[in-house]
Amino acid sequence: MSSFPLFIATTAEGAGSTGSIMIVGFLLVVVVLALLAAITSALGALFARQAAREAARAADFSRQAADSKAQAGQSASSPSAKAVSLTAADASAAVTGEPNPEDDPLLLSVIAAAIHSIAGDRAHRIVSIRASAEGWAQEGRRQIFSSHRIR
Amino acid sequence: MIDLLQQLFNNTGFGYLDWRMLFMWGVVGVLLYLAVNHKFEPLLLVPIAFGAMLANLPTQGIINKPASHLRSPISGEIIHAGLTEGMGVQLPFVERVMPDTVGQINPRNLERLIAGEMVDGFGRNTLTHIIRGNAYLEMTAEADIEVAGMRLLPTDRLVWADASGHVVSVERSVGMAVVDGGRLAELQSEHTGGLMHYIKLGVLLELFPPLIFLGVGALTDFGPLIANPRMLLLGAAAQFGVFATFFGAPFLGFTARESGAIGIIGGADGPTSIFLANTLAPELLAPIAVAAYSYMALVPVLQPPIMRLLTTSKERRIRMQRLRPVSRLEKLVFAVMVTVACILLVPAASPLIGMLMFGNFLRECGVTERLSKAAQNELINVVTIFLGISVGITMTGDRFLRLDTIGIMLLGVFAFLIATAAGVLMAKLMNLCSKQKINPLIGSAGVSAVPMAARVSQVEGQKADPTNFLLMHAMGPNVAGVIGTALVAGYFLTIFTR
């Protein structure tokens, strides 16, 4: 294989001294790790830019939600529109972080923690919590089946 | 009845004890004391110490190899062949290092061995051949050691049986040429080899160090390094300790290959030290492994004086910028990128880098949790037991109690101190040309010793400023040191084993 290390090895053999093996070896390690640092920095810059874009999008979304809440508040003053605006007001309350009085705060905390453990540090906001029919039983069955190899 | 008692006593192991074994019991005691009482790297030192204890007892059926083909260690001409078909070969009960050449053995003992007599410590019929290397064939006229009617050169190579059994075929006789690795004879035995022989194959075949790296990769979070890639340079700088020791070791009489194996102690990475020593200097494996793990355990003692000596109080109080969060995808890309780049540049580092990054990929990908947990727990624990005891079993008295061992211990501490200093100085150098200041204390974490070296940086930093937290920052150079040491090992392998 005509690769870089072989070239170095040949060089070291030519020089034939411990000193040259030492210098070439140390420079090789510094150059390789510097190269990795440069590539990692470049990748990091790309990922940081993408993260900034996502944060900006989340901020826009939050702003729109706040606007829609304000509009819902104005419409609610009209008795005829009260029923229609109820759902929108609930949604916006969730979006802006105001809890629905009917929700159990302890349950909300548990669900928020569970979502955080899955989503990690990615920006996220819980906008809707609904009961699921047989999800837990299904998930349990899926895990049991997937833990066994079919022979 | 007295005869029976006499026979019973003769069958005990007391007759095989010598002062070296007793001295090694003391070494074992010290290692166990450090591991158990002071918790110095107990996961490795306990298996190593116990293995060393077994190595220095007259054990039976635990270390022995199975009988098989006997092969020539060099290319040359056979000048003595002592085996005949049906002959019994009995190795000594206590494993010992046999002399390699005629010049290294007492001529009287050599004469008795050639005559097939039982010589203390050499077993029965264990000297099978004497071979003159091709390079010395023209010097036959200068042969001046006369033994059993043969004129020998001090450089003539002695070939020893490596297992007990009986000879079933002799494939080369006196006067015949033989090549390096060529078959000389075949031995047969009903015994199939001891447990330790098979466990030790994991080291000889270089299986254990990469498997340890798999577990280390699964345990390591590369996030701090990815968030601040400049830390890779600190990991690179610390490798200077390895190369400085490599440069200095020949002055103590070590060969270049041995110097490389000794120098890697400065990388503070036990599996890498074993990996390299096994290839470059297998006879020095035991002292190198013990030195590497002992100094890793002594990181909190060895590093702080150097760190304080090379930094000012103001530098030790430097607060570093908070690290940005690193996404899962970024960690996965990093693992793949490091694997590809390192293996392309230094192919000999593949076993270590490949497994390290594979383990890390298992950890970060999020869909192989069971495999990741297995690598982090069961696998690494089992391999650690096997690796430790395999190293310990090589610590026989006559292999360990040599001047070389003292030299290796001295060079090991030198390597550690230079590596620490180089990391700290590199951090200071980077501060000269960067706006974002680095606390130079984290430079010392460029030696691997994960995570103890990072913890030392944290402790020293808090002594200067109790509200300064350096641990996560120090993890960057710490894991960079692991990659750096693996690259150095690959470099030495490339240079010396082509």
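To find a chain, count down the sequence lines: A is the first, B the second, and so on, and within it residues start at 1. Only a predicted model underlies this, so the values are computations on that prediction, with no experimental measurement involved.
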>> Please verify the inter-ring angle class for B:Phe496 with B:Phe246; under 30° counts as parallel, over 60° as perpendicular, anything in between as tilted.
In response: tilted
>> Need one label for B:Ile226: side chain, backbone, both or neither, based on atoms under 4.5 Å from any heavy atom in chain A.
In response: both
> If you check every heavy atom in residues 41-51 of chain A against those of chain B, which residues fall under 4.5 Å?
Replying inline: A:Ser41, A:Leu43, A:Gly44, A:Phe47
> What part of B:Phe240 gets closer than 4.5 Å to chain A, counting heavy atoms only: side chain, backbone, both or neither?
Replying inline: both
> Of the listed residues (A:Ala38, A:Ala34, A:Ala37, A:Gly19), which shares the most heavy-atom pairs with chain B below a 4.5 Å separation?
Replying inline: A:Ala37
> Cut-off 3.5 Å, side chains only: do B:Arg257 and B:Thr279 have a donor facing an acceptor?
Replying inline: no
> Of the backbone (N, CA, C, O) and the side chain (C-beta and beyond), which part of A:Ile23 lies under 4.5 Å from a heavy atom of chain B, both, or neither?
Replying inline: neither
>> Quick check against the 3.5 Å criterion: does B:Ser434 have a side-chain atom that pairs as donor or acceptor with the backbone of B:Lys437?
In response: no
>> Would you say the ring centers of B:Phe358 and B:Phe213 fall short of 6.0 Å from each other?
In response: no
>> Can a donor-acceptor pair be found, under 3.5 Å and without considering hydrogens, that links the side chain of A:Ser117 to the backbone of A:Ala114?
In response: yes
> Which region of B:Ala227, side chain (C-beta onward) or backbone (N, CA, C, O), has a non-hydrogen atom less than 4.5 Å from a non-hydrogen atom of chain A, or is it both or neither?
Replying inline: neither
> Do A:Asp60 and A:Arg57 sit within salt-bridge range, that is, some charged N less than 4.0 Å from a carboxylate O?
Replying inline: no
>> Quiz question: by atom type and distance under 3.5 Å, do the side chains of B:Thr485 and B:Ser448 form a donor-acceptor pair?
In response: yes
> Okay, side chain of B:Asn478, backbone of B:Ala445: is any donor-acceptor separation there less than 3.5 Å?
Replying inline: yes
